[in-house]
There are 2 protein chains.
Amino acid sequence: MQPEIPDHMFYSFLTGGLCASSSTNSTTTTSSFYPFAIEDTVSQDKALAAQRNHKEAERRRRERINSHLNKLRKLLSCNSKTDKATLLAQVVQRVKELKQQTLEITDETLPSETDEISVLNSEDSSSYDDGRIIFKVSFSCEDRPDLFKDLMETLESLQMETIFADLTTVGGRSRNVLVVAADKEHHGVESVQFLQNALKSLLERSSKSVMMGHGGGGGGGGERLKRRRALDHIIMV
Amino acid sequence: MQPEIPDHMFYSFLTGGLCASSSTNSTTTTSSFYPFAIEDTVSQDKALAAQRNHKEAERRRRERINSHLNKLRKLLSCNSKTDKATLLAQVVQRVKELKQQTLEITDETLPSETDEISVLNSEDSSSYDDGRIIFKVSFSCEDRPDLFKDLMETLESLQMETIFADLTTVGGRSRNVLVVAADKEHHGVESVQFLQNALKSLLERSSKSVMMGHGGGGGGGGERLKRRRALDHIIMV
DNA sequence: CAAGACACGTGAAGC
DNA sequence: TGCTTCACGTGTCTT
């Protein structure tokens, strides 16, 4: 596998032979000036062995780096003849792209890092359900065991019927999109406020039960995807 | 900025001076053996200039590579003192992770590459809507202008009411998730078949109008995300 | 040959 | 001290 002394005799004769190395001159030639004295041959052997180690270590280092570069070549499915530099440029671009992509998709489909509530009166868009007012409710918050139960109780107490629920829980955060229907006899357009307040207290209850363990929540924002695994997504009708 | 002849006199005396280089021996020393003849000083200058160019080019190459490595260090937000090798190992891992992540998310939320239809009778899960049967319909297909209109007409002809629609169109592909309600007077559980057949003809109509332009569709499967931009996502109630 | 890319062995600097 | 990592200049092979 290894060439083992392929052409380095050229350099070795230089360092170990006539020419003195630029830095080792003050260490080996202290006790004796005779070029081929006994002490020198011993220390020469030691130095030679050291340099051989050094050389091989460096070779291993190069191999390690190049192996990773080859892995990257495969991951980007690019030719094995592509430059190291251009390969790395492509890697940089790819990482940027992937980061951006996951961020885009994430922001549109997964729970947001900050607590958010949105209640929309969707009567204007399409009013096929004449006797009822339809609201679209969506909010992101910290997940907790009784979140769904509390939510259902809240909606029931408001005499609202859940038509559709899209619940996504991942990484301890929960994103909930609901479509609820309210009777026009008991509710008007102003019920948006009721809903919002009810959800607000729901989220406050949530933050009370968790309190600490998740410090600020605002901070860095670059590595928010790291812990995310196996997303739990439920759609109910 | 540049050191400009910092310590290479050691090597230069070697290549241009006493010792003959291992490969250039047959080119420069053909006409004369006198070490300091005129022709030799000229060719020496030329060779020296060439080696200086070579040296600087190599330096630029190193800088290029290292600059990209530093970019990657920033992108992975890892310390500037991390090894080249371990950095690259981390990059490999990160790229793999990001690829996997986008793939996972994509498969759960975005249109699939192949045409698919799924119709579920969701009566078992929760039957709060006593007078009606609720179906969950989801399918992925090639996008086309009148897809939504045709879909609505189809559902109307089946006397089914759309309660919820989640339509995602991106990269020429469309993913549609619908919750439809059917009157129990006109429909039974077997209506799942009606729905499936209707959707099947809908997709066949679709593939007829597009036909070519997207060859197989099966193939590679590694770079399917490349063209995806600005996702068009509509939720209707 | 010139221009570019790569592997190599080496000295220096950090633990 | 030895071990590791880096930048450097070089030889060599490919366009």
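Naming convention: chains lettered A, B, ... in sequence-line order (proteins, then strands); numbering from 1 in each chain.
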TODO: Examine dT5(D): is either OP1 or OP2 under 4.0 Å from a nitrogen or oxygen in the side chain of R64(A)? Give yes or no.
DONE: yes

TODO: Check each of V91(B), V92(B), L88(B) against K71(A) using the side chain to side chain contact (heavy atoms under 4.5 Å, CB included) test, and report the only one that passes.
DONE: V92(B)

Task: First of E58(A) and N53(A) reached from the 5' end of DNA chain D, by closest nucleotide - done: N53(A)

Task: More than 12 heavy atoms from other groups under 6.0 Å of CD on E153(A) - done: yes

Open item on the list: Between R62(B) and dC6(D), is there a contact of a side-chain N or O with OP1 or OP2 at under 4.0 Å?
Closed with: no

Task: Atom pair distance, as rounded to whole Å: CG in N79(A) and P in dC6(C) - done: 12 Å

Task: Whole angstrom value for the distance that separates P of dT10(C) from NE2 of H54(A) - done: 8 Å

TODO: Looking at every strand, decide which applies to R60(B) at a 4.0 Å heavy-atom threshold: base, sugar-phosphate, or nothing.
DONE: nothing

Task: Side-chain N or O of Q51(B) closer than 4.0 Å to phosphate OP1/OP2 of dT10(D) - done: yes

- [ ] Mind calculating the distance between CG (D83(B)) and P (dC15(C)) to the nearest angstrom?
- [x] 12 Å

TODO: Would you name the heavy atoms of C141(A) and D115(A) that are closest together and state the gap between them?
DONE: CA-OD1, 3.5 Å

Task: CG on L120(B) to OG on S138(B), rounded to 0.5 Å - done: 6.5 Å

Task: Whole-Å distance separating the CD atom of E63(A) from the P atom of dT4(D) - done: 15 Å

TODO: Look at K84(B) and dA7(D) and indicate whether a side-chain polar atom (N or O) is within less than 4.0 Å of OP1 or OP2.
DONE: yes

Task: Distance, rounded to the nearest Å, where L87(B) contributes CG and dT5(D) contributes P - done: 13 Å

Open item on the list: Without decimals, in angstroms, what is the distance between R61(A) CZ and dC8(C) C1'?
Closed with: 12 Å

Open item on the list: Ignoring hydrogens and geometry beyond distance, is a side-chain donor-acceptor pair present between E116(B) and S118(B) at under 3.5 Å?
Closed with: no

Open item on the list: In this structure, how many angstroms lie between the P atom of dA5(C) and the CG atom of L69(A), rounded?
Closed with: 15 Å

Open item on the list: At less than 4.0 Å, is any side-chain N or O atom of R59(A) found next to OP1 or OP2 of dA7(C)? Yes or no.
Closed with: no

- [ ] Establish, with yes or no, whether the OP1 or OP2 oxygen of dC6(C) is under 4.0 angstrom from a side-chain nitrogen or oxygen of N66(A).
- [x] no

Task: Between P of dA2(C) and CD of E56(B), the distance in whole Å - done: 15 Å

